[in-house]
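In what follows, chains carry the letters A, B, and so on, assigned in the order in which the sequence lines appear, proteins first and then strands, with residues in each chain numbered from 1.
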Number of protein chains: 2
Amino acid sequence: MRYRRVPDETVRRMPLYLRGVRILSEKGQGSICSKSLADCLGISAWQIRKDFSYFGDFGKPGVGYDVAMLESRINKILNLGCGHNVVLVGAGNLGSAILSFNGFRQYGFNIIAAFDRDAKKIGKKKGPVVIEDVSRIARMEKKGVDLGIIAVPVSAAQEIADALTAIGVKGILNFAPVRISVPKKVKIVSIDIAVELARLPYYMVSSQSQGVVE
Amino acid sequence: MRYRRVPDETVRRMPLYLRGVRILSEKGQGSICSKSLADCLGISAWQIRKDFSYFGDFGKPGVGYDVAMLESRINKILNLGCGHNVVLVGAGNLGSAILSFNGFRQYGFNIIAAFDRDAKKIGKKKGPVVIEDVSRIARMEKKGVDLGIIAVPVSAAQEIADALTAIGVKGILNFAPVRISVPKKVKIVSIDIAVELARLPYYMVSSQSQGVVE
DNA sequence: GTATGTGAAGAGGTTCACAGCA
DNA sequence: TGCTGTGAACCTCTTCACATAC
């Protein structure tokens with residue numbers, strides 16, 4: 001095992017492996033091989049072994065991977081498991097859905113506060129929290145908030161990103177369809193739902209998949 | 001301009017360019033250069049010109065791109081603009097948010113029906129449609145449905161994907177955190193919100209970004 | 001025999017440098 | 001001069017083949 005930079009694509013796949021390990025774990029398997037994880041996720045077995053190899057030895061040749069060990073190892077690599085406090089900004093349709101979503105818990109995320117600008121929403125309980133006014137984001141500074149989720153309209157996204165950065169958030173999951181600028185130390189992952197949907201029709205026309213022919 | 005396969009990454013970025021063109025268009029610019037689009041989206045100008053080059057000549061050297069032409073050109077490449085009928089399955093928190101979301105319209109998508117398994121939801125109007133029982137998906141067969149959105153729990157996702165495939169859907173946007181299998185002619189784009197959030201903590205620990213050192 | 005871990009080869013994508021046109 | 005379009009160089013990531021360990 002030599003020094004080696006971990007590809008971004010590998011980091012992107014690691015949480016997926018965690019998902020797969022848990023699916024196979026629930027089926028009662030104590031040990032799995034790269035092939036079964038590959039089948040479960042639709043990723044090649046080579047790819048999985050290569051990805052794991054960036055972080056050291058995970059399995060036993062001829063046997064496979066111990067499920068419990070694999071899960072805790074990936075959790076540690078991804079810096080999950082210890083638990084992370086998350087705040088959400090924007091309690092509209094999408095924000096409300098996120099507050100009611102319990103899929104974050106299995107990765108150790110706790111949404112500890114939610115904010116909105118709309119006075120009509122302030123004070124209402126949604127999911128695990130009561131909606132507060134956005135002006136109160138600054139009060140979260142000493143609460144150990146690691147991550148923020150932006151689910152506000154485009155026009156407010158940058159301002160909210162600035163407010164989240166100010167309270168020391170290290171990562172932002174952004175649903176607003178706009179580029180937001182933050183200091184380099186803050187990592188942004190953006191999900192633009194409409195843009196994702198918008199690339200599907202391209203593949204409906206087979207001739208286009210080969211581009212231009214002179 | 002020679003024959004050339006269009007990279008998947010290019011296709012992924014094309015809808016983003018459309019988003020950028022519209023932002024700049026609203027600012028009243030009739031003509032834009034690759035640099036201004038690059039600044040707007042956080043992508044390099046070279047990358048943009050290269051991506052466009054796969055589809056032929058878009059702009060005028062020394063001048064830039066005509067905004068209206070660029071928009072209609074990208075629309076045509078992506079097979080958007082002509083309008084696509086979409087059905088949504090799963091009217092829970094996320095599904096409801098999607099039904100209330102109007103960001104799809106600017107890409108020419110119309111959600112023409114929504115389905116759920118929960119009897120309590122059937123018959124209720126949400127956004128532009130009335131929720132129907134999932135058993136009625138089959139009736140959409142001759143309605144010209146191009147795309148489907150899956151917002152159901154993991155346990156139902158594959159079954160719904162099969163039902164959508166059966167009515168002739170050509171593409172699926174899947175929010176269920178599970179791999180689903182469909183015929184090759186059906187294109188799937190998956191968004192796993194928890195998995196996206198789960199890779200953020202990795203970047204909070206700077207030492208990990210270099211992997212293992214022997 | 002079976003499955004991992006990894007150097008090397010091969011694809012795929014990005015960046016560069018510059019030719020060509022307005 | 002300014003900006004596009006593109007071959008070539010460069011880099012990253014994926015796939016392969018096989019040595020190694022159980």
| message | Tell me whether the count of non-hydrogen atoms from other residues, nucleotides or ligands lying under 6.0 Å of NZ in B/K170 goes above 12. | response |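 Incorrect, the count does not exceed 12.
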| With a cut-off of 6.0 Å (strictly less than), are more than 12 heavy atoms of other residues, nucleotides or ligands near CZ of A/R22? |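 Yes.
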| Contact nearer the 5' end of DNA chain D, comparing A/K60 with A/K50 |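 The residue mapped nearer the 5' terminus is A/K50.
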| task | Using heavy atoms to find the nearest nucleotide of DNA chain D for B/F58 and A/G62 separately, return the residue whose nucleotide is more 5′. | result |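 The residue closer to the strand's 5' end, by nearest nucleotide, is B/F58.
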Whole angstrom is fine here: how far is it from [atom1] in [X] over to [atom2] in [N]?
X     : N      : atom1 : atom2 : answer
B/D66 : D/dT4  : CG    : P     : 13 Å
A/I43 : D/dT14 : CD1   : P     : 9 Å
B/D51 : C/dT14 : CG    : C1'   : 10 Å
A/R49 : C/dT2  : CZ    : C1'   : 11 Å
B/Q47 : D/dG5  : CD    : P     : 15 Å
A/F55 : C/dT4  : CZ    : C1'   : 17 Å
B/W46 : C/dA17 : CH2   : P     : 8 Å
A/I48 : C/dA3  : CD1   : C1'   : 13 Å

| request: Identify, residue by residue, the members of residues 24-36 of chain B with a heavy atom below 4.0 Å from DNA chain D, and return them in order of residue number, or none. | output: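 Per residue number, the list reads B/C33, B/S34.
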| Check: B/D51/B/T10 side-chain N/O donor and acceptor closer than 3.5 Å |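 Yes - a donor-acceptor pair under 3.5 Å links their side chains.
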| request: Answer yes if the ring centres of A/F52 and A/F55 are under 6.0 angstrom apart, and no otherwise. | output: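 Between A/F52 and A/F55, the centre distance exceeds or equals 6.0 Å.
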| query | Relative to each other, are the rings of B/F101 and B/F104 parallel, tilted or perpendicular (30° and 60° limits)? | reply |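 B/F101 vs B/F104 ring planes: perpendicular.
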| query | Which heavy atom of A/R179 sits nearest a heavy atom of B/G42, and at what distance? | reply |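 Looking at all heavy atoms of both residues, the shortest contact is CD-N, 3.2 Å.
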| Would B/K35 and B/D39 pass as an ion pair if we require N to O under 4.0 Å? |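 Salt bridge between B/K35 and B/D39, a charged N being under 4.0 Å from a carboxylate O: yes.
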| said: Any salt bridge linking B/R117 with B/E159? Criterion: basic side-chain nitrogen under 4.0 Å from a carboxylate oxygen. | reply: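 So B/R117 pairs with B/E159 through a salt bridge.
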| said: Below 4.0 angstrom, which residues in residues 8-23 of chain A have at least one non-hydrogen atom near DNA chain C? | reply: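 None - not one residue of the stretch has a heavy atom sitting under 4.0 Å from the strand.
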| query | Okay, side chain of A/H84, backbone of B/A198: is any donor-acceptor separation there less than 3.5 Å? | reply |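 Side chain of A/H84 to backbone of B/A198, a donor-acceptor pair under 3.5 Å: no, none is there.
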